[in-house]
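For reference, the structure is listed below as structure tokens.
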Amino acid sequence: MVVAGVSPQTYTFNLLICGLCDLGHLDARELFDKMPEKGCLPNEFSFGILVRGYCRFALANKGVELLDEMKNSRILPNRVVYNTLISSGKTDDAENLVERMREDGLFPDEVTFNARISVLCKAGQVLEASRIFRDMQIDEAVGLPRPNVTTYNLML
Ligand SMILES: *[C@@H]1O[C@H](CO)[C@@H](O)[C@H](O)[C@H]1NC(C)=O
């Protein structure tokens with residue numbers, strides 16, 4: 001592209017970063033860092049792709065660090081980024097992230113709740129998971145998502 005005189009866009013970089021992450025090449029981060037000098041600012045998707053890459057390779061803590069970097073770049077983390085981190089984290093981290101999500105004005109959805117329940121069940125904290133499950137059944141009025149088939153399957 002560059003030789004042909006066609007300037008890459010943020011979208012072009014996102015595709016490359018995504019491809020590298022899928023192959024487990026988390027040095028995609030270097031490419032990400034070079035974007036501004038090529039005239040492309042990372043957007044929420046660039047961050048989301050890197051976060052997912054880190055989570056897939058058990059580096060969720062690096063993903064959480066990216067949340068702060070997003071805010072420094074004045075890009076608000078979206079629900080997908082939070083849900084990705086919540087579903088791959090440990091139980092305490094998951095609960096802290098749900099709290100942060102609410103502080104950012106994002107409402108946890110059924111993906112968030114199912115991720116919390118899944119993380120708790122895997123950690124053997126089934127009672128805590130069933131408390132959240134009960135909240136989902138009775139607290140629709142306060143805006144909690146309803147349990148769906150995935151929720152029931154997780155609890156079973
Ligand atoms: C239930 O929620 C999960 C997210 O945890 C979602 O992937 C799935 O599509 C939902 N199922 C239905 C039937 O809505």
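In what follows, every heavy atom counts, from backbone to side chain, and hydrogens, waters and symmetry copies are set aside. Numbering of ligands and ligand atoms starts at 1, following listing order.
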For Phe113, is the NZ or CZ atom of Arg116 found under 6.0 angstrom from the centre of its six-membered ring and inside 45 degrees of the ring axis? yes
Tell me: protein heavy atom nearest [atom], and distance?
atom: atom 1 (C) of ligand 1; result: Asn148 ND2, 1.4 Å
atom: atom 13 (C) of ligand 1; result: Val149 CG1, 4.0 Å
atom: atom 7 (O) of ligand 1; result: Thr150 OG1, 4.8 Å
atom: atom 5 (O) of ligand 1; result: Asn114 ND2, 2.8 Å

Here the atoms of ligand 1 under 4.0 Å from any heavy atom belonging to Val111 are 4 (C), 5 (O)
Pair Glu128 + Arg131, salt bridge at N-O below 4.0 Å: yes
Does the pair Asp68/Arg100 count as a salt bridge with the N-to-O cut at 4.0 Å? yes
I'd like to check Asp22 versus Arg56 (side-chain heavy atoms, cut-off strictly below 4.5 Å). Are they in contact? yes
Could you tell me whether atom 9 (O) of ligand 1 has at least one protein heavy atom nearer than 4.0 Å? no
Residue pair Asn153 / Thr150, side-chain donor-acceptor N/O under 3.5 Å: no
